[in-house]
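Accompanying notes for the structure given below.
Just so it is clear, the values below take in all heavy atoms, side chains as well, and ignore hydrogens, waters and symmetry mates.
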Amino acid sequence: MLNRVTGATQSVIKRHLAWIFRVTSTRPVMVFAAFAFFVVLSVVSILTTRFEADVFKLFPARQGALRLFLDSLQWTGSANEAYFLLEGEKERLIPEAEAFAGRLKELRIDGTPAFRRVTYRIYDQSEAKAFADFIGYAVQDPGSFIDPADVPAYLGRLAPKAMDEALLRTGTELASQAGAGLRDLVVADPLALRDLVTPRLKRGSQALDLDPNSPYFLSRDGRVLIIIAEPARPVQDMVFARKLAKGINQAREGARVRISCAGAHLSAVIDEAAMKGDILSCILSSLAVVLLLFFATYRRVLPTLLLPVIIGGGVVLALGLAGAFLPSIHIISFAFMALIIGLGTDYSVHLYDRYHMERCAGQAPDEALQLAVTDTGHGIFTAATTTAMPFLTLAITDVRALSELGILVGLGVLFSLYTTLFLLPPLLLFMERLSPRFVYRPLPGFGLAALWRGSRRRVRLVKVVSLLAVVAFCIMACFTTFEGELKNLQPRHSEAFLTQEKIERHLSLSPKQMLVAVEGKNLGDVLARGARVDLLVERYRQRGELAAFSSLGQLVNDDTARAEVLRQIDQGLAGRDPGRALKDALERHGFAVEPFEGTIAGLASLRGNGSSSSTEAITRLAASPLKGAVDRHLVRDAAGYHLLVHLFYKGAEFPQDAFLKELSAIDPSARATSVDLVSRQLAADVKQSFLWGFVIGGALVIFLLLSHFSSALGLFASLYPVFAGIAAMLGIMAVTGMGINFMNAMVLVTILGMGNDYGMHIAHRVEGKDEPEREFVQAGRAVLLSALTTIAGFGSLAFADYGALASIGWATNYGIGATMIFALASLPVFLGTGRRRSQAPGTEMRP
């Protein structure tokens, strides 16, 4: 059954290649016209295709830690915020921050404000009256805003002697030059009870490690100040983002302190520019190297000039077809199209090398071209399909990073193959008519003949050394680690990346964070469940497993804490009237009583005051200038309420799995996310999708190879260099400290698809031939050039600043380089040298 299937497959391929030869040799004008027509259609499709740079769009986010992570960015607005880091002397930071924030507020894009808000202090000076009103409410509702541990201090400030001391300070403040700005706050809180409220609000609401004594977002060492701004349009509006970046650069001109930027908009512009620059420089430099290698080897101008047409045609046709079906294409997926530079050249190298060799042997142009297209063409057809199939099978996965990559590269390989088969033959015939007296001379052997003879003389030694090398690489590969830090995939020297590192170094509460979400339709129920989560988190903090945490429960007391505060106040004020005491104190110190009537009434009603609730306190806080404290911890949308608890930890001391298990026990519906959890989820998704693609693609590759060779030796010759190359790639990565990440893991598919080509071409040309050394030199030369052009075309990404692209480039260099070495240096000793007993259709020996 297998023989019938493989025989039928070979027969179909043979007839297909014979048809291509007839069409290209008899109707070249029609071929070029059809090519131009499809290129125009593809260009139109590409012009309407949207490219994007958001790395999270590469992975499935329907559920799990990544879904909550993305939800939280939208809920809190962090997905659209811009961050400005000012560095310098403390005396300069604050005035420079005032001036720079003013310029940001005045910045206009297309006639409208560029930012919705610009924040660099707890509350804006223009909101002083609203802030004072809230403080007046908060100090008169101690059940909601006073920590139970601070109740004695609160009661102490209501004693007559403490009131006198507070009013003396108040009088001094009002008499100072800043008195006018403090008037509303003093009237709302003449006893400075806010000292027990505002530190708690600030400490419980901030995500950064700020100076607790400064109203500004200032680091503890006073050398760094951060400004947080919300752009007026979403990050997806790249035209706006580019104009915003330009406006920001103008706004920070002339500043006396260093100002650096980070945030989604700026990262999108910078990352897009960095990736496009890396990809463009990679394509141009690699194309130059590829053309130089080809011309230096074959010394023909027209075939060299045709290479960019073949390469460009494959890329344009693949992008055009993919763009017609995909809603958008990620720029990282597009980066893999650099593979086509190497692959497209491979097929031209093999086809032209065979043609040149046959012409050197005395064959007529038509006969040489027919042998190149139907015999060597059979080899490159199998090579292309075995390369394309593993990629195309990735299209079925849920991981966009893999499916998009598979579609683009798979289509690119196939279109490069057919562009080569349809364009190169008519050009070669045209070249013969143009230069009928051109003398074909033997091509350089690059020392391959000596390599063949040396390996054949020491067959046993080469076998032992190569197999030991493979075993050693396999052992080293066992120590390969997985790199889960997504930030390491960003441009390493971009301003946004370096600014984010500075923020983490100077202002972060801890290196790592976890977010817990408690959700539901009823606010009271959500708050009660959140209080239980707070108790769990506090236990971990007390054990030193958490550096800190931030929750709404730290800002507003839950019902239990509220009841305890009110109980202590009722006991502490027994027989006392703090309202009357304040009125008497005001009169003693010469204050007019009328402006303080509200405060007096509020203090008079402290005893037995249980009318307000935690819900009311949250509502009042959300309506105040400190509403950011609520926005960061409580979100309401169409799905209901989302209560967020932020956990800060340093590393392995926080047992995440144990915490998640306890969290699930007290609230099964609670969700959690962190960079570690997101990385774990992405790794699992990529591993599962990659495994299926690897299995299905591998099965298709084996079937195609069996169809080509119909022998176990041919199958071994194709797969041995692949296995050795992958083992070497992983082993070298482990030794050099480079880990597998979400991006360079895709190189494994690349090696599987491309690596088998090297052994297959050598086995196709050498096995059973009368002159195996001559055939090996010809096939080996093409393999060597193919590997070098692939490294030049894709491995040059190793020098990209974008971490994701650089890791891909290094992995490619290791894998392709090792596969080539094993194919050329050790594969010959495993191949037989006698004539084949049976010839596969389409692979007849040349007479």
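The closest side-chain heavy-atom distance from Val289 to Ile791 is not below 4.5 Å. Using a 4.5 Å heavy-atom threshold, the side chains of Leu414 and Leu392 count as touching. In this structure, the side chains of Pro425 and Phe21 stay at 4.5 Å or more apart for every pair of heavy atoms. Looking at heavy atoms from C-beta onward, His350 lies in side-chain contact with Val783 at the 4.5 angstrom threshold. Between Leu244 and Ile109, some side-chain heavy-atom pair lies under the 4.5 Å cut-off. Within the 4.5 Å cutoff, the side chain of Leu319 has no heavy atoms near those of the Thr49 side chain. Annotation: side chain of Phe35 is in contact with side chain of Thr419 (closest heavy-atom distance under 4.5 Å).
Closest approach of Ala384 to Tyr347, counting heavy atoms only: CA-OH, 3.4 Å. When every heavy atom of Ser416 is checked against every heavy atom of Ile310, the shortest pair comes out as O-CG2, 4.2 Å. Residues Ala388 and Val413 share a closest heavy-atom pair of CB-CG1, 4.0 Å. Cys261 and Ile248 make their closest contact through SG-CG2, 3.6 Å (heavy atoms, listed as atom of the first residue, atom of the second, distance). In this structure, Gly320 and Ser45 approach most closely via the heavy-atom pair O-OG, 2.7 Å. Thr374 and Leu17 get closest at one heavy-atom pair: O-CD1, 3.9 Å.
Using modelled atom types, no side-chain atom of Thr376 and backbone atom of Val373 make a donor-acceptor pair closer than 3.5 Å.
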Next on the checklist: Working note: Leu291 + Phe295, criterion side chain to side chain contact (heavy atoms under 4.5 Å, CB included); need CA distance, chi angles, decisive distance, verdict.
Outcome noted: CA-CA 6 Å; Leu291 296 180; Phe295 182 76; over 6 Å; no

Checklist entry - Please walk me through it: do Leu421 and Thr24 pass side chain to side chain contact (heavy atoms under 4.5 Å, CB included)? => result CA-CA 8 Å; Leu421 291 176; Thr24 55; over 6 Å; no

Item to check | Pair Phe325-Ile407, side chain to side chain contact (heavy atoms under 4.5 Å, CB included): steps then yes or no | outcome: CA-CA 10 Å; Phe325 294 98; Ile407 293 172; over 6 Å; no

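Just one residue in the list Val40, Ile311, Ile46 forms a side-chain contact (heavy atoms from CB on, under 4.5 Å) with Val316, and that residue is Ile46.
Separation of the Tyr352 and Tyr298 ring centroids falls under the 6.0 Å cut-off.
Applying the salt bridge (Lys or Arg N to Asp or Glu O under 4.0 Å) criterion to Arg15, with sequence neighbours excluded, gives no partner residue. By the salt bridge (Lys or Arg N to Asp or Glu O under 4.0 Å) test, Asp637 pairs with no residue at all, sequence neighbours left out. In this structure Leu47 satisfies the side-chain contact (heavy atoms from CB on, under 4.5 Å) test together with Val43, sequence neighbours excluded.
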